[in-house]
Amino acid sequence: VVKADHAEAMRRAIREGRWEDADRAVRAFLDENPDDPEAARLADELDAAKANGVEGYRARIEAAREANDPDRVLELRDELAPLLDFDARRVLDQDLARWCMGLIQKRLRSGTIRPEVVSLAGKVGERLDTTAEGASLRAA
């Protein structure tokens, strides 16, 4: 019963998208029960759910980009980041930093520096500081 309850708690974390909790619990369960087929099933369920989650986040990021909503783009990026490995996160960050920088430059060309442009530059500099664009904005 305890094992079944534990497995259900892990599945609930997976369904709710609590990726860090689910990952930690499934990995611990695998370490404690390496030969248990349930542990392997849970790991497969987690991997599949994360892959589906990544695709969903990417679609929402694209929709936010098309709507020129950089705040939503950055919010979704923050939610997506834990699901990506280092290289995929780096590629995503570089792409988003270039897009945000283009948006900032376009808004600056309008003639006046509005508070939302300054705020966006600060957010990009803070969240995407591993990119050249983010580091440049952070330094500015």
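As a basis for the values below, the full set of heavy atoms in this structure was taken, side chains included, without hydrogen atoms, waters or symmetry mates.
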Problem - salt bridge (charged side-chain N to carboxylate O under 4.0 Å, His left out) partner of Lys123, the single match among Asp78, Asp71, Asp129 - result: Asp71
Exercise for the section: With the side chain counted from C-beta on, respond yes when Arg58 and Val54 share a heavy-atom pair under 4.5 Å apart, and no when they do not. Expected result: yes
Problem - Sidechain N-carboxylate O distance under 4.0 Å for Glu8, Arg11 - result: no
Problem - Rounded distance [0.5 Å steps], CG in Leu80 versus CD1 in Ile61 - result: 5.0 Å
Problem - Pairing of Asp21 and Arg15 as salt bridge, 4.0 angstrom limit - result: no
Fill in the blank from the handout: CZ of Arg41 to CG of Leu46, rounded to nearest 0.5 Å, is 15.0 Å
Exercise for the section: Nearest 0.5 Å please: distance from the CZ atom of Arg107 over to the SG atom of Cys100. Expected result: 9.0 Å
Practice task
State, to 0.1 Å, how close Leu30 and Ala39 come at their nearest heavy-atom pair, and which atoms those are.
Solution key: CD2-CB, 3.6 Å
Problem - Which atom of Glu133 lies closest to which atom of Arg98, heavy atoms considered - result: OE2-CG, 3.3 Å
Problem - Working for salt bridge (Lys or Arg N to Asp or Glu O under 4.0 Å), residues Asp93 and Arg90 - result: CA-CA 5 Å; Asp93 285 355; Arg90 184 175 48 79; over 6 Å; no
Practice task
For residues Trp99 and Asn68, determine if any side-chain heavy atom of one lies less than 4.5 Å from a side-chain heavy atom of the other.
Solution key: yes
Problem - side-chain contact (heavy atoms from CB on, under 4.5 Å) partner of Leu96, the single match among Leu74, Leu128, Leu76 - result: Leu128
Practice task
Please tell me if the side chains of Val26 and Glu45 come closer than 4.5 Å, counting only heavy atoms from C-beta onward.
Solution key: no
Problem - Leu120 and Val124, any side-chain heavy atoms less than 4.5 Å apart - result: yes
Problem - Worked check of side-chain contact (heavy atoms from CB on, under 4.5 Å) between Asp23 and Lys50 - result: CA-CA 10 Å; Asp23 197 48; Lys50 286 169 88 174; 3.7 Å; yes
Exercise for the section: Using the ring of Tyr57 (Phe, Tyr or Trp, six-membered ring only), decide whether Arg60 places NZ or CZ under 6.0 Å from its centre and within 45 degrees of its axis. Expected result: yes
Exercise for the section: Answer yes or no: is there an ion pair linking Arg65 with Asp95, defined by an N-O contact shorter than 4.0 Å? Expected result: yes
Exercise for the section: Keeping the roles fixed (side chain from Asp69, backbone from Arg72), state whether a donor-acceptor pair exists under 3.5 Å. Expected result: yes
Practice task
Working to the nearest 0.5 Å, report the span between CG of Asn52 and CG of Asp47.
Solution key: 11.0 Å
Handout entry: Pair Leu137-Ile104, side-chain contact (heavy atoms from CB on, under 4.5 Å): steps then yes or no
Key = CA-CA 10 Å; Leu137 288 169; Ile104 290 167; 3.8 Å; yes
Problem - Considering all heavy atoms, the nearest Glu38-Ala7 contact - result: OE2-CB, 3.8 Å
Problem - Neighbour count above 12 (heavy atom, 6.0 Å) for Glu20 CD - result: no
